[in-house]
Asks: 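Here's a structure for you.
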Protein chains: 2
Amino acid sequence: MNKHNIHTLASLAGVSAATVSRVLNGNPQVKPHLKEKVLHALEETGFRPDPKAQSLRAGKTRTISVILPMIDTDFYHRLLHSMEPVFDEAGYDMALFPLVGGFRVKKYQDPTSLPYHGDALILASLDPDKLYANHEVPFRKPITLVDTHHQHYHSFSIHNHQAGKLAAQHLLLNREPIVLIGLRQDEAGPFASPVFEERMEGIQQGLQEQGRTLAGTLLVDELGTEGGRQAARLWLEQHPGPCQFLCLADTLALGVKRHLQERHLECRVIGFDDHPFAATESLTSIKQPIEQMGEMAARHVIQQLRGEVYTLQSTVLTPTLKIRQSSRLWTHP
Amino acid sequence: MNKHNIHTLASLAGVSAATVSRVLNGNPQVKPHLKEKVLHALEETGFRPDPKAQSLRAGKTRTISVILPMIDTDFYHRLLHSMEPVFDEAGYDMALFPLVGGFRVKKYQDPTSLPYHGDALILASLDPDKLYANHEVPFRKPITLVDTHHQHYHSFSIHNHQAGKLAAQHLLLNREPIVLIGLRQDEAGPFASPVFEERMEGIQQGLQEQGRTLAGTLLVDELGTEGGRQAARLWLEQHPGPCQFLCLADTLALGVKRHLQERHLECRVIGFDDHPFAATESLTSIKQPIEQMGEMAARHVIQQLRGEVYTLQSTVLTPTLKIRQSSRLWTHP
DNA sequence: CTGAAAGCGCTTACAG
DNA sequence: CTGAAAGCGCTTACAG
């Protein structure tokens with residue numbers, strides 16, 4: 001590429017750097033003949049001003065960075081889609097930094113890296129303490145957590161403990177044994193989200209209050225349909241007879257349902273997230289106010305940017321239970 | 001937040017800005033007692049250096065920006081996942097700028113905006129001529145197109161024309177009328193990807209070469225299963241009897257298949273993309289070398305950053321046909 | 001080992 | 001209307 005800056009270009013055009021800058025920024029009071037010269041030099045060289053210098057000067061980038069674990073799940077689509085219009089309306093852009101495969105973790109320790117060029121930072125589902133070795137986000141602009149919480153940061157999250165409890169309480173209405181299908185997680189890893197752990201705690205508490213316990217727990221490595229299917233098969237091979245599968249994600253629940261359908265078995269199933277397919281597949285699920293959470297968080301960030309936030313704010317939203325056919329005993333089509 | 005810079009902090013600590021900078025960057029030859037003072041002031045004020053200034057000075061950000069239409073489809077997941085390891089290995093981060101809903105288009109005209117802070121830019125599926133009013137990307141660093149092409153830019157794309165032709169030729173083996181299900185697109189809009197148009201052209205050419213024509217064309221507004229289902233219903237209500245549905249996306253094809261299953265009808269269906277569900281649903285589909293495309297593009301960007309690219313390069317990859325049950329006439333389970 | 005100064009590439013008062 | 005200069009917030013030779 002070219003190695004010009006605004007000064008070399010200015011001398012090339014026979015004007016001052018200030019004039020080049022004015023032309024670049026569409027300042028209307030540049031005399032036509034000078035403007036002409038600048039435009040010509042611009043054309044000639046293909047010169048482009050350095051955006052880093054421009055926004056250093058301006059003191060802002062009109063962009064909000066979002067660091068999130070991944071982008072290929074329904075949860076994050078819904079979250080991002082709910083934040084986007086708020087940012088847009090306020091004149092901000094959104095930059096996404098997914099931690100695909102955990103590669104990035106070390107890079108985001110570097111305060112120079114692009115996420116921190118934004119005017120504000122959103123950390124979704126990530127625990128700052130685990131993400132940052134030194135226990136501090138290397139960023140001096142507004143920081144907001146979504147789908148996690150931490151005492152030092154603004155946060156918007158879902159009451160996962162209550163979600164778990166709701167699910168347990170629902171199944172406790174029936175006498176069949178309750179089998180949990182959960183996710184195997186690396187607790188120490190930077191990804192480790194407290195979500196599943198908190199749901200578990202809620203489930204345990206719900207059970208305890210009724211003097212019940214889990215008949216069994218199966219952990220899968222991935223939140224896919226296949227995992228649910230396998231887990232259900234494994235369990236039922238060793239423990240035939242009706243039971244209730246409490247799945248920590250709808251994808252798992254769907255896998256379980258598929259297995260039951262194939263084998264013409266009758267068991268109850270319940271999932272978490274109220275994924276779009278939960279409705280069409282008649283899966284009982286814990287519905288999370290994802291859009292509401294995203295929108296509130298986004299509004300809060302904008303308020304922070306406007307200097308309208310004066311106290312540390314931590315908002316917890318309440319999940320609800322969507323009862324559908326899968327937690328009744330179904331009959332086959 | 002604090003309104004400090006490195007100089008105010010320096011005087012607060014009783015040292016020079018240079019020393020503060022050295023401490024900030026872990027320079028080992030700062031005497032302990034000075035380092036102490038600086039660390040103390042840092043602690044006191046919570047000061048963080050401005051990353052924009054730091055990378056202005058450094059001249060780089062070690063980040064590659066990707067502007068893409070959306071992030072919630074299998075196509076982009078596969079594309080991004082194939083680029084990521086290449087960037088990571090070369091020490092670069094990836095920043096995602098999805099054009100969710102087209103909001104951003106105007107913002108990306110602004111050369112100051114965050115995408116252009118990256119060291120290189122990837123434009124996925126977008127036509128620079130439509131995206132940028134002035135027909136020029138406001139960026140002086142390396143630019144690479146993926147899943148589109150343009151004579152002025154490096155590009156890695158799939159031979160969509162050939163993909164269309166392959167699909168048509170496959171169906172031409174049978175005598176049943178061919179019905180196309182495509183996407184209604186705003187041709188002028190910034191999103192308008194040439195992909196569908198090119199597939200159409202290939203299909204038309206394939207048909208022409210055999211002296212055949214389409215029995216009908218149905219356009220849907222969204223690439224979802226529901227659209228395919230509706231389209232199939234609409235067509236079959238008015239034209240009962242076997243036909244062949246040529247769907248411009250697998251999601252559409254899946255919808256068609258669902259409708260056929262529900263009604264116990266027998267028609268052939270073929271889709272595009274070889275979506276993961278195509279295999280499990282036995283859908284014949286045009287398979288695109290997405291991962292290969294992503295990986296090649298990523299490698300090329302890295303080469304450009306290393307100054308190892310000397311000529312404009314345009315790579316076109318060839319799709320293949322995956323024949324499965326859906327383009328034979330199936331029998332019901 | 002440390003500081004004053006120059007400079008990264010811009011923009012914007014300030015004179016003229 | 002235009003230019004020289006100061007400054008955005010850093011870092012890094014260069015002296016000392």
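Keep in mind that this is a model prediction, so the values were computed, not measured. Every chain is numbered from 1 and lettered A, B, ... according to where its sequence line falls, protein lines coming before strand lines.
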Asks: If each of B:Q29 and B:L56 is mapped to the nucleotide of DNA chain C with the nearest heavy atom, which maps nearer the 5' terminus, i.e. the 5' end?
Replies: B:Q29
Asks: Does the side chain of A:S157 come within less than 4.5 Å of A:L145's, by heavy atoms?
Replies: no
Asks: So where does chain A start and stop touching DNA chain D, 5' to 3', when the test is distance under 4.0 Å to a non-hydrogen atom?
Replies: D:dC1 to D:dC10
Asks: 5'-most contact on DNA chain D: A:H7 or A:H33, nearest heavy atom basis?
Replies: A:H33
Asks: With a 3.5 angstrom cut-off on both distances, give the Watson-Crick or G-U wobble partner of C:dA13, or none if there isn't one.
Replies: none
Asks: Just checking B:L24: base, sugar-phosphate only, or nothing, at a heavy-atom cut-off of under 4.0 Å?
Replies: nothing
Asks: Stepwise, does the side-chain hydrogen bond (donor to acceptor under 3.5 Å, both in side chains) test hold for B:S55 with A:H117?
Replies: CA-CA 9 Å; B:S55 42; A:H117 285 226; 3.1 Å; yes
Asks: I need the minimum non-hydrogen distance between A:H77 and B:I71, along with the two atoms involved.
Replies: NE2-O, 3.6 Å
Asks: Identify, between B:A53 and B:S16, the residue whose nearest nucleotide on DNA chain C lies closer to the 5' end.
Replies: B:S16
Asks: Which class fits the ring pair B:H300 and B:H154: parallel under 30°, tilted 30 to 60°, perpendicular over 60°?
Replies: tilted
Asks: Do A:I67 and A:F97 have side chains that get closer than 4.5 Å, going by heavy atoms?
Replies: yes
Asks: Counting Watson-Crick and G-U wobble pairs only, both distances under 3.5 Å, name the nucleotide matched with C:dA4, or none.
Replies: none
Asks: Which atom pair, heavy atoms only, marks the closest approach of A:A90 to A:R306?
Replies: CB-NH2, 4.2 Å
